[in-house]
Number of protein chains: 2
Amino acid sequence: MTAVPPYDPKATGPSYVYMRIADHLAARIAAGEFPPDSMLPGERALAEEYEVALNTLRRAIEELTGRGLVVVLRAKGTFVTRPEG
Amino acid sequence: MTAVPPYDPKATGPSYVYMRIADHLAARIAAGEFPPDSMLPGERALAEEYEVALNTLRRAIEELTGRGLVVVLRAKGTFVTRPEG
DNA sequence: TTTCATTTGTTCGTATGTATT
DNA sequence: CAATACATACGAACAAATGAA
């Protein structure tokens, strides 16, 4: 399992920034970069990393919660869910 | 069934603007002001009426969709769902 | 108890994009 | 093509919850 290529703002794929970021984060999770139960970097850190506004990054996280890949706990962090359980 | 009192930005209740607006809109729906299958006023109109930013009004609508009270159809409008089916 | 740092949550105002009619 | 209506995205500021000091 190779590492997920860095996020490329100009890559082809889903039209919307938040969706591309969600896909990219999902791939990083699937690749084991963020294992089950681990905490993701903070929203603001991720927003900086992906070079988007906070709201846009939050949209991406929202997408991941919708897919059941993460759970968000206020003032605590965003955590990778364990497949199944 | 009396009419829903006008929205009061300073009233007590849920702390968040979007939640108070969602509750207010839900009451208007329940009161029959917006009957099943009817279209709500546009987002911008409602944002003006409630004196909030567009994003905040949209957050309130999101809350209503979560409650199953409305469905949002892009470029068509926001429609009141029919209780049960 | 109070304070502080950390992290997510809300709200604003604005601009631009996309889908439907 | 134009009008309408919802959708995405930006940047900034402030609020609220949590836990540790």
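When every heavy atom of Leu46(A) is checked against every heavy atom of Leu40(A), the shortest pair comes out as CD1-CD2, 4.3 Å. Closest approach of Ser38(A) and Pro35(A) over heavy atoms only: OG-O, 2.6 Å.
Summarising the hydrophobic clusters (Ile, Leu, Val, Met, Phe, Trp, Tyr; side-chain heavy atoms under 4.5 Å, direct or chained), the residues clustered with Leu54(B) are none. The other members of the hydrophobic cluster of Leu73(B), by chain and number, are Met39(B), Val71(B), Phe79(B) (side-chain heavy atoms under 4.5 Å, ILVMFWY only).
Within the structure, salt bridge (charged side-chain N to carboxylate O under 4.0 Å, His left out) pairs that include any residue of residues 65-75 of chain A comprise Asp23(A)-Arg67(A), Glu63(A)-Arg67(A) (at least two apart or interchain). Among residues at least two apart or in separate chains, ring pair (Phe, Tyr, Trp, His ring centres under 6.0 Å) pairs with a member in residues 19-45 of chain A are Tyr7(A)-His24(A), His24(A)-Tyr50(A).
Shown here are the salt bridge (Lys or Arg N to Asp or Glu O under 4.0 Å) partners of Glu48(A), two or more places apart in sequence or in another chain: there are none. A search for side-chain hydrogen bond (donor to acceptor under 3.5 Å, both in side chains) contacts involving Arg58(B) returns Glu43(B), not counting sequence neighbours. Looking at residues two or more places apart in sequence or on another chain, you find a salt bridge (Lys or Arg N to Asp or Glu O under 4.0 Å) between Arg28(A) and Glu33(A), Glu49(A).
For residues 39-46 of chain B, proximity to DNA chain D is found at Gly42(B), Glu43(B), Arg44(B), defined as any non-hydrogen atom under 4.0 angstrom from a strand atom.
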Polar atoms only, N or O, under 3.5 Å: list the protein pairs with nucleotides 18-21 of chain D and their distances.
unit_1, atom_1, unit_2, atom_2, d
dG19(D), OP1, Lys76(A), NZ, 3.4

Dump every N/O contact between nucleotides 11-14 of chain C and the protein below 3.5 Å, one line per pair.
unit_1, atom_1, unit_2, atom_2, d
dT11(C), OP1, Val17(B), N, 2.3
dT11(C), OP2, Tyr18(B), N, 3.2
dC12(C), OP2, Ala53(B), N, 3.1
dC12(C), OP2, Thr56(B), OG1, 2.3
dC12(C), N4, Asn55(B), ND2, 3.4
dG13(C), O6, Asn55(B), ND2, 2.7

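What separates CZ of Arg58(B) from C1' of dA5(D) is a distance of 10 Å, to the nearest Å.
With hydrogens and angles disregarded, no donor-acceptor distance shorter than 3.5 Å links the side chain of Thr56(B) to the backbone of Tyr18(B).
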